[in-house]
Novice: 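Mind looking over this structure? Questions follow.
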Number of protein chains: 2
Amino acid sequence: MERKPTIKDIAKLAGVTPATVSYVLNGNNRVSEETRKRVLSVVRQLNYRPNMSARALVRNRSYRIGLFIPMSPRAFLDPFFAELLRGLTEVALAYRYVASIIYANGLREVESLHIRELVDGLVITEIKMHDEYIRYFYDKKIPFVSLGRGSHKHFEDYVVADAKKGIREAMKYLYRLGHRRIGMVLGPLGYEYIQERYRFFREVQEELGLSFSSQYIATGANSQEGGKEGARRIMLRSTVKPTAILASTDIMAVGVIEFLQSVGYQVPDDLSVVGYDDVQFSKYIRPSLTTIRQNVYEIGRQAGTMLISQLEHLPYKKPLQIPVKLVVRNSTTVNKENL
Amino acid sequence: MERKPTIKDIAKLAGVTPATVSYVLNGNNRVSEETRKRVLSVVRQLNYRPNMSARALVRNRSYRIGLFIPMSPRAFLDPFFAELLRGLTEVALAYRYVASIIYANGLREVESLHIRELVDGLVITEIKMHDEYIRYFYDKKIPFVSLGRGSHKHFEDYVVADAKKGIREAMKYLYRLGHRRIGMVLGPLGYEYIQERYRFFREVQEELGLSFSSQYIATGANSQEGGKEGARRIMLRSTVKPTAILASTDIMAVGVIEFLQSVGYQVPDDLSVVGYDDVQFSKYIRPSLTTIRQNVYEIGRQAGTMLISQLEHLPYKKPLQIPVKLVVRNSTTVNKENL
DNA sequence: TTGTATGCGTTATCAA
DNA sequence: TTGATAACGCATACAA
């Protein structure tokens with residue numbers, strides 16, 4: 001009979017009661033060094049691992065964590081989430097948790113989900129109306145970690161990428177290539193991370209002593225179409241054209257390139273284009289895209305660790321910032337005006 | 001006090017014992033219609049939902065299912081898995097299960113995972129050495145559903161796409177465009193789904209009365225590089241060049257196109273190229289890719305339903321076949337030789 | 001057709 | 001420092 005050993009088996013073999021075994025396993029220190037050793041040796045010997053269902057029942061936990069994703073066609077096709085989930089899953093399994101996607105479209109759908117029956121806590125991504133969700137989960141006392149800071153005062157359980165450094169690297173790189181008139185095509189400003197990328201763009205512009213012109217800025221949907229449209233507006237209304245364009249996401253950069261090519265510009269010879277994210281297709285398009293890469297997998301890992309630490313009342317550092325870096329490919333080159 | 005109602009609360013209010021409530025909830029029909037109604041009404045009234053942890057403990061289940069993925073850098077960047085997981089997650093949640101990724105690289109790593117502690121069952125994807133995994137899980141009596149059939153005799157819990165129909169549509173489409181010399185660039189034949197796509201290619205060739213020439217066939221890694229290499233070999237060794245090439249995956253098609261362009265061919269004017277899968281980047285590359293689309297989301301849903309039905313001993317149809325369809329974009333056009 | 005009693009594997013309370 | 005024992009919420013064998 002190959003039945004899995006239970007806490008009782010351990011207790012019997014170690015000559016103690018289940019309670020004592022439980023104490024040992026849970027780091028309760030009101031137990032003598034001697035019995036602790038004895039118990040642990042039996043645990044190893046039988047390769048005992050606590051039954052998570054039983055533990056879940058008595059501790060009123062599910063040992064599941066969720067990656068909260070706003071339901072939208074885009075969401076799941078975005079490799080960003082897949083990478084995130086990979087990182088999250090990995091730390092989850094290490095702690096004997098399980099990570100799952102939880103998706104819902106809007107707070108009303110969230111209400112109907114009975115989130116606490118599904119998971120012990122959530123990692124929420126940089127969704128639209130981010131603040132609303134943060135407040136909601138905060139008020140409902142649903143444990144969560146946020147990707148992106150939000151605007152709440154007393155909330156520090158978040159992980160962010162060092163977007164400023166990314167933007168700065170990209171801009172400095174363009175600057176060194178001789179670019180002075182740098183435009184930006186932005187996604188919807190309702191998203192915190194878009195706002196942030198724009199703000200840093202402005203700040204770095206100042207650092208570099210570049211003048212600002214609203215002619216070179218356009219917003220649009222976070223899509224290929226949006227990128228095309230943004231590029232079109234910038235190119236049509238500017239008398240002196242920009243020599244480089246930074247897009248707030250890779251997918252918009254694709255649109256930018258497409259528009260430029262459609263009206264006869266060569267990328268990067270006539271105009272350099274930089275993306276943001278480094279999603280999978282960035283290296284497949286022609287020209288391959290120079291872009292700012294976030295280590296999304298690492299973000300997932302850190303967020304997962306933070307969430308589980310919070311759930312288990314373990315100490316942890318918060319908030320957390322993850323580095324980013326510029327990946328140079330073929331959509332950028334020297335500004336020939338300066339040659 | 002807003003405590004969640006338990007089975008005891010229901011029992012008390014309905015004037016029965018917890019056992020009776022349990023019978024009603026689990027469809028045990030040795031209970032009178034009258035008490036059943038009474039119980040159900042109380043259940044609805046208190047919005048009672050069984051505690052899954054308790055149920056998990058007593059039934060020795062975790063109510064988690066896993067999507068088994070061979071750990072590899074490629075795996076997670078592949079939108080195929082993301083889509084699959086989306087479908088799986090959706091049915092899982094409907095049944096109050098939770099879906100998670102389980103990844104491992106090789107059977108040895110699987111061994112160390114204690115899979116049955118993590119999940120009640122798996123959906124396994126079309127991995128290399130597929131058969132080995134099928135046999136392993138089969139022998140270990142770990143419930144699972146396979147994507148792709150494998151070669152086992154008495155195993156029918158699988159979901160497949162109708163690849164033959166997809167290949168046929170693509171080839172017929174090329175045929176109608178005047179193409180007669182159609183080549184194929186293939187990924188590693190160790191994968192069942194690659195073998196299958198090749199086999200159907202051959203069968204449809206016969207159907208269409210096209211002659212076969214091994215000159216037009218090349219295999220390589222399932223990657224952009226592999227696609228380039230395959231196209232190179234086909235183009236170098238053939239005296240009469242093919243007018244169209246079918247790639248076994250989109251990513252290989254990208255490589256094929258890249259090679260052709262690099263040696264001065266125009267796609268689609270000189271050569272038409274067709275991919276398979278319709279992953280995200282297929283519409284972003286230039287020319288955008290004509291490809292065979294599988295409804296991966298639906299495959300995920302069906303596989304999930306099959307797995308849960310198996311776990312819960314519900315009746316279900318097996319095996320299952322999902323339709324595919326050709327998506328025509330800009331990498332294919334009429335064969336000008338025939339104009 | 002329904003109730004009683006017991007067990008699932010842990011953790012936690014209270015004594016000892 | 002340890003042991004009995006009672007929960008946790010549900011399912012089920014057996015009795016009534």
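Heavy-atom basis, side chains included; hydrogens, waters and symmetry copies ignored. Letters A, B, ... are given to chains in the order of the sequence lines, protein chains preceding strands, and every chain is numbered from 1.
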Novice: Please evaluate the base of dG3(C) for a donor-acceptor partner in the side chain of Tyr23(B) within a cut-off of under 3.5 Å?
Specialist: yes
Novice: Under 6.0 Å from the ring centre and within 45 degrees of the ring axis: does the NZ or CZ of Arg86(A) meet both conditions for the six-membered ring of Tyr297(A)?
Specialist: yes
Novice: Is Asn51(B) close enough to dC8(D) that one of its side-chain N or O atoms is under 4.0 Å from OP1 or OP2 there?
Specialist: no
Novice: With heavy atoms under 4.0 Å as the rule, sort Asn26(B) into base, sugar-phosphate or nothing.
Specialist: sugar-phosphate
Novice: For Phe68(A), give me all partners under ring-ring contact (aromatic ring centres under 6.0 Å, His included), at least two apart in sequence or on another chain.
Specialist: Tyr133(A), Phe137(A)
Novice: Nearest-Å distance, CG (Leu57(A)) to C1' (dC10(D))?
Specialist: 8 Å
Novice: List the steps and the verdict of side-chain contact (heavy atoms from CB on, under 4.5 Å) for Arg64(A) and Tyr63(B).
Specialist: CA-CA 11 Å; Arg64(A) 301 163 167 180; Tyr63(B) 293 93; 3.6 Å; yes
Novice: Are Arg49(A) and Glu117(B) ion-paired here, with the side-chain N under 4.0 Å from a carboxylate O?
Specialist: yes
Novice: Starting from C1' on dC8(C), measure out to CD1 on Ile7(A) and report it in whole angstrom.
Specialist: 13 Å
Novice: Closest approach of Gly304(A) and Leu88(A), non-hydrogen atoms and distance?
Specialist: CA-CD1, 3.3 Å
Novice: Looking at Thr35(B), is its backbone amide N or carbonyl O close enough to the side chain of Ser32(B) to form a donor-acceptor pair, meaning the two atoms are under 3.5 Å apart?
Specialist: yes
Novice: Between P on dG3(C) and NZ on Lys12(B), what's the gap in Å once rounded to a whole number?
Specialist: 14 Å
Novice: Leu46(A) CG to dG9(C) P: how many Å, rounded?
Specialist: 14 Å
Novice: I need the minimum non-hydrogen distance between Asp120(B) and Ser62(B), along with the two atoms involved.
Specialist: OD1-N, 2.8 Å
Novice: Please list, by residue number, the residues of residues 31-43 of chain A whose heavy atoms come closer than 4.0 Å to an atom of DNA chain D; answer none if no residue qualifies.
Specialist: Val31(A), Ser32(A), Thr35(A)
Novice: Looking at every strand, decide which applies to Val16(A) at a 4.0 Å heavy-atom threshold: base, sugar-phosphate, or nothing.
Specialist: sugar-phosphate
Novice: Consider the side chain of Thr6(A), meaning its heavy atoms from C-beta on, and name the nucleotide among dC8(D), dA11(D), dT10(C) that approaches it most closely.
Specialist: dT10(C)
Novice: Axis-to-axis angle across the helix from dT1(C)-dA16(D) to dA16(C)-dT1(D), five pairs an end, to 10 degrees?
Specialist: 40°
Novice: Rounded to the nearest angstrom, tell me the gap between atom NZ in Lys8(B) and atom C1' in dC10(D).
Specialist: 9 Å
Novice: For dT11(C), does OP1 or OP2 lie under 4.0 Å from any side-chain N or O of Arg59(A)?
Specialist: yes
Novice: Output the distance between atom CG (Asn60(B)) and atom CG (Asn51(A)), rounded to the nearest 0.5 Å.
Specialist: 7.0 Å
Novice: What nucleotide, of dA4(D), dT12(D), dT11(C), holds the atom closest to the side chain of Thr17(A)?
Specialist: dA4(D)
Novice: I need the CD-P distance between Glu117(A) and dC10(D), as an integer number of Å.
Specialist: 11 Å
Novice: Taking the ring of Phe155(B) and the ring of Phe144(B), is the distance between their centroids below 6.0 Å?
Specialist: yes
Novice: Does Thr20(A) have a side-chain nitrogen or oxygen under 4.0 Å from the phosphate oxygens OP1 or OP2 of dG3(D)?
Specialist: yes
Novice: Starting at atom NZ of Lys4(B), determine the distance to atom P of dG9(D), rounded to an integer number of angstrom.
Specialist: 10 Å
Novice: By nearest atom, which of the nucleotides dT4(C), dA7(D), dC8(C) is closest to the Val58(A) side chain?
Specialist: dA7(D)
Novice: Within the structure shown, what part of the strands sits under 4.0 Å from Pro50(A) by heavy-atom distance: base, sugar-phosphate, or nothing?
Specialist: sugar-phosphate
Novice: Just to confirm, is there a sub-4.0 Å distance from OP1 or OP2 of dC10(D) to any side-chain nitrogen or oxygen of Tyr63(B)?
Specialist: no
Novice: With the side chain of Ala54(B) defined as its heavy atoms from C-beta on, choose the nearest nucleotide among dC10(D), dG3(C), dC8(C).
Specialist: dC10(D)
Novice: To the nearest 0.5 Å, what is the distance between CG on Leu118(A) and CZ on Arg96(B)?
Specialist: 8.0 Å
Novice: Output the rounded distance in Å from CD1 (Ile10(B)) to C1' (dA11(D)).
Specialist: 16 Å
